[in-house]
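Worksheet: one structure, shown below.
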Amino acid sequence: MRIGVFCSGGDSPGMNACLRAVVRSALDAGHEVVGILYGYEGLLAEDFFIGPSGERVMGLRSVSDILRRGGTILHSSRSEEFRTDDGQRKAADILRRHRIDALVPIGGDGTLRGAMALARFWEGRIVACPGTIDNDLIGTDFTIGFHTAVDTAAQAVDKLRDTAESHRRMFLVEVMGRHSGYIALYTALVSGAEIVCLPETPTDVEQMAAHAARLKSRGKTSVIAVVAEGDELGGAMALHVRLKASTCPFDTRVVTLGHLQRGGSPVPVDRILASRLGDFAVRGILAGKTGVLAGEIRGELTLTPFEQACRGHKPLPQELLALLETLSA
Ligand code: F6P
């Protein structure tokens, strides 16, 4: 078989580790791998990986020493043209012309929706891998890159705690997550933050100010609030403005971590997850599977139909929300 592989949407640490696993597992089983550059956009432009000797397939050495590297050597994009029926038809024709039999897209919910749309016009097999820092996909306990993003954010919060303590301040730290509070919740738990503001739960500024006052009366000399960018009040800067006009007893500062969370070398747990899922996706294709997301649920490798994986965002574990409340007293 000729298996195409690409990364799409927001990049995530571990995408390279996943790509390495796809290439090496496919070659081990006697198949060919075509690397598609820049996601769906590159597919439409027929922008394929070309090796140092001009070869158009990915060899064993094409993925050497990428396991530890952040970003993606195949690059990524968000494609407007591919969102249209015409774009999807064109992509299907290109795949046929290049004799590609199967695809492994690595990306988040937009990538899965793209794969589902493509399947309306293309007969090849598609098994996707969950590459996104957001951890919002149903069908896997964790997505590739999530743990690294939380590690990066938590290291930043640890540093901010030092200066917050010195000056007796409150820091509002904005983390990524337009629709999902996973990064915010885990960062808050990992760094001992007192407050978390999430897209999934309502945020009340006066309640937040009263909570900060209660913490102060119990002897707290600094407060960290981790704010998901998708919080309904509009992120950390908007909250900062409103807190200033409230009864909050702390002087506040804002730090937006932004795309910092998307880079860096993947932590071991992301490297292992990426390696297992890349290999599993190839084995799924060879076993005739299609239209599914490779994932890991309670340690077991699973395949979940795209329709199910894209049905809303994975709900937050209520138990962890309660734990944060108890422990941040
Ligand atoms: O989906 C991953 C993600 O990093 C989100 O957390 C964030 O909202 C978005 O991508 C940012 O997208 P862009 O890189 O296009 O600004």
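We count ligands from 1, going down the list as the structure has it; atoms in each ligand are counted the same way. The figures that follow rest on heavy atoms only: side chains count, while hydrogens, waters and symmetry mates do not.
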**Message:** Measuring from non-hydrogen atoms of Gln261 to any atom of ligand 1, is the shortest distance under 4.0 Å?
**Reply:** no

**Item:** Nearest-contact summary for atom 15 (O) of ligand 1 - protein heavy atom, Å
**Value:** Arg78 NE, 2.9 Å

**Item:** Aromatic ring proximity Phe6/Tyr38, centre distance under 6.0 Å
**Value:** no

**Message:** Would Gly108 count as a contact residue for ligand 1, given that I'm defining contact as a non-hydrogen atom of the residue lying under 4.0 Å from a ligand atom?
**Reply:** no

**Request:** Flag the pair Cys18 / Cys129 as yes when at least one side-chain heavy-atom distance between them is below 4.5 Å, and no otherwise.
**Result:** yes

**Prompt:** What do the steps show when you test Val63 against Met58 for side-chain contact (heavy atoms from CB on, under 4.5 Å), and what is the final call?
**Reply:** CA-CA 8 Å; Val63 290; Met58 298 191 79; 4.1 Å; yes

**Nearest non-hydrogen protein atom, atom 9 (C) of ligand 1** = Arg178 NH2, 3.4 Å

**Prompt:** Can you find a pair of side-chain heavy atoms, one from Ile50 and one from Glu55, that are under 4.5 Å apart?
**Reply:** no

**Parallel, tilted or perpendicular: ring planes of Tyr186 versus His147, cut at 30 and 60 degrees** = perpendicular

**Complete:** If you compare Asp134, Asp109, Asp11 by their heavy atoms, the one closest to atom 5 (C) of ligand 1 turns out to be Asp134

**Request:** Before accepting this row, confirm whether a basic side-chain N of the pair Asp93/Lys90 lies closer than 4.0 Å to the acidic partner's carboxylate O.
**Result:** no

**Asked** For ligand 1, which atoms, with element, lie under 4.0 Å from some heavy atom of Glu229?
**Response** 5 (C), 6 (O), 7 (C), 8 (O)

**Message:** Counting non-hydrogen protein atoms only, what is the nearest one to atom 11 (C) of ligand 1? Give residue, atom name and distance.
**Reply:** Arg262 NH1, 3.6 Å

**Request:** Go through ligand 1 atom by atom and flag the ones less than 4.0 Å from a non-hydrogen atom of His259.
**Result:** 13 (P), 14 (O), 16 (O)

